[in-house]
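Below, read A as the first sequence line, B as the second, and so on, with proteins coming before strands; counting in each chain starts at 1.
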Number of protein chains: 2
Amino acid sequence: MKLDMNQFLFEFEKNCSKLQKKSFKKDEIITTYIAKRRQICILLSGSADLVRYDSSGNKTIVEHFTKNELFGEVFYIVATNNELFVKARQACEVLFFSYDTLKHKCKQNCDFHQVLSENLADFILDKVTLLNTRIELLTKRSIRDKILGFFTILSIRNFSKTFTLPFSLTDLADYLSIDRSAMMRELKYLREEGFIKKNGNTITLLYK
Amino acid sequence: MKLDMNQFLFEFEKNCSKLQKKSFKKDEIITTYIAKRRQICILLSGSADLVRYDSSGNKTIVEHFTKNELFGEVFYIVATNNELFVKARQACEVLFFSYDTLKHKCKQNCDFHQVLSENLADFILDKVTLLNTRIELLTKRSIRDKILGFFTILSIRNFSKTFTLPFSLTDLADYLSIDRSAMMRELKYLREEGFIKKNGNTITLLYK
DNA sequence: ATTTTTCTGTTGCATAAGCAACAAAAACAT
DNA sequence: ATGTTTTTGTTGCTTATGCAACAGAAAAAT
């Protein structure tokens with residue numbers, strides 16, 4: 001039995017008492033990552049950022065989450081002393097549970113749990129795909145290649161040479177881990193050299 | 001029931017006929033990524049690289065796999081036209097199966113398959129951790145921060161300020177997506193400024 | 001409706017990091 | 001044992017990219 005995320009949540013909510021749903025206002029801290037707890041969260045609405053402070057105090061937005069995305073410390077066991085927390089970017093609703101609870105809860109060996117654990121693997125696989133996409137872009141050698149790589153993905157996903165960015169240009173620079181002004185400059189060059197057309201946050205690819 | 005990778009493989013081999021084991025010599029192509037097949041592979045011995053050629057012909061080593069690591073197209077559904085394949089770096093033994101087969105094979109609802117699909121999620125989670133580690137390093141802003149970030153992780157994993165690199169310096173530059181000579185220069189500076197001691201591929205951290 | 005904040009767009013300057021090219025050392029192969 | 005290939009280590013030159021600083025546009029808040 002194959003579920004999409006909405007069915008998954010509906011089934012889960014109907015069947016399980018162990019999960020908690022909470023609401024957050026903009027800028028509130030949703031969770032702080034504590035490895036041993038093995039918490040897993042689903043963002044039901046709104047958007048949130050995974051923020052890292054390293055030992056020198058530098059801040060990075062490591063990931064940006066939107067509707068139906070998974071996050072939590074099970075996904076992020078990195079051997080460093082960095083502080084990691086998730087902060088609401090807009091008002092959010094979040095579902096909390098423990099990974100181990102989800103997997104092993106039912107003593108009665110119910111069908112529902114079988115379905116659940118099968119689908120969990122699929123959702124985690126979706127996450128892997130997101131991460132691999134990001135790595136694919138981060139490993140490109142120049143700002144130009146990063147931008148064009150990202151645009152190509154959006155173009156293919158939209159079945160169109162024209163598409164609108166899913167987040168602000170400021171966030172895009174952060175996602176690609178490049179300086180925003182350097183990115184804007186490169187976008188200008190791409191426009192001048194006839195590779196792209198740009199109207200605010202709507203882009204059209206002009207090549208190939 | 002919680003399995004480690006070796007137990008997992010033993011159980012799988014004993015119980016499942018649907019899986020294939022093959023051997024490869026150095027530089028042979030182990031698999032080419034074809035999204036619809038949803039293949040999943042486990043590297044039993046040796047080491048291999050996931051290689052990407054983009055449309056301009058640039059080659060990148062996207063990932064490097066060693067014993068017991070998972071790879072395959074289920075993990076890498078990126079919407080681009082890039083050619084992706086896995087190439088043996090040394091002689092390798094590889095286990096092949098389809099993700100969907102693994103999850104749904106048994107009609108008889110056997111206990112073994114229940115255990116299997118639970119553990120599959122865990123193995124995929126390990127993969128997520130690896131990917132997040134890589135992203136953590138790739139998003140650092142300077143070569144120095146990337147190197148020190150990587151060294152810090154190794155140091156923590158080894159419970160020691162002294163450790164040996166798990167692969168060559170050439171590969172390290174590739175893993176961090178930086179120019180090798182620039183990395184060597186930075187290592188020299190780090191030595192001169194007293195941050196590290198370096199003896200071949202053995203590093204000692206001198207700070208904090 | 002007006003203020004405040006965030007986002008976009010731009011530019012000059014400094015430098016970190018890429019590129020190219022080479023030699024010595026080490027690892028591998030015959 | 002000897003030749004071949006890969007890895008390490010280095011350095012001069014060039015340039016892509018980061019940084020700082022600013023102004024106008026857009027969005028959000030009051």
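Between B/C92 and B/L43, some side-chain heavy-atom pair lies under the 4.5 Å cut-off. At a threshold of 4.5 Å between non-hydrogen side-chain atoms, the residues A/Y76 and A/L50 count as touching. B/I203 has its side chain out of reach of B/S155: every pair of non-hydrogen atoms, C-beta onward, lies at least 4.5 Å apart. By the 4.5 Å heavy-atom criterion applied to side chains, A/F151 and A/L165 are counted as neighbours. Within the 4.5 Å cutoff, the side chain of B/E73 has no heavy atoms near those of the B/L84 side chain.
Heavy-atom neighbours of B/N199 CG from other residues, nucleotides or ligands within 6.0 Å: at or below the threshold of 12.
A/F195 and A/Y207 have perpendicular rings, their planes meeting at more than 60° on a 0 to 90° scale where under 30° would count as parallel. Taking the six-membered ring where the residue is Trp, B/F150 and B/F167 present parallel rings, their angle staying beneath 30° rather than reaching 60°.
For A/R89, the salt bridge (Lys or Arg N to Asp or Glu O under 4.0 Å) partners at least two apart in sequence or on another chain are A/D49, A/D171. Evaluation of the ring pair (Phe, Tyr, Trp, His ring centres under 6.0 Å) rule for B/F71 yields B/F65 as partners, not counting sequence neighbours.
For the pair A/K188 NZ and C/dG12 C1', the computed distance is 12 Å after rounding to whole Å. The distance from atom CD of B/E186 to atom C1' of C/dT15 is 12 Å, rounded to the nearest whole Å. Atom CG in A/L187 sits roughly 10 Å away from atom P in C/dT10 (whole-Å rounding). When the C1' atom of C/dT8 is taken as reference, atom CG of A/L165 falls 12 Å away, rounded to whole Å. To the nearest angstrom, P of C/dA16 lies 15 Å from NZ of B/K146. The distance between atom CG of B/L138 and atom C1' of C/dA17, rounded to the nearest whole Å, is 16 Å.
A/V128 pairs with exactly one of A/D126, A/L130, A/N132 by the side chain to side chain contact (heavy atoms under 4.5 Å, CB included) rule, that one being A/N132.
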Could you go through the side-chain contact (heavy atoms from CB on, under 4.5 Å) check for A/V94 and A/K22 one step at a time? CA-CA 5 Å; A/V94 183; A/K22 284 193 205 166; 5.5 Å; no

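Near DNA chain C, meaning a heavy atom under 4.0 Å from it, residues 189-197 of chain B has no residue at all. Residues from residues 169-182 of chain A lying near DNA chain D, meaning a heavy-atom separation below 4.0 Å, are A/I178, A/D179, A/S181, A/A182 in numerical order.
Proximity of A/K198 to the phosphate of C/dG9: a side-chain N or O atom is located under 4.0 Å from OP1 or OP2.
For the helix from C/dA1-D/dT30 to C/dT30-D/dA1, the end axes, each set by the C1' atoms of five terminal pairs, are bent relative to each other by 70° (nearest 10°).
A 4.0 Å heavy-atom criterion places the boundary nucleotides of DNA chain D facing chain B at D/dT7 to D/dG12, written 5' to 3'.
Using a 4.0 Å cut-off between a side-chain N of Lys or Arg and a carboxylate O of Asp or Glu, A/E63 and A/R134 do not qualify as a salt bridge.
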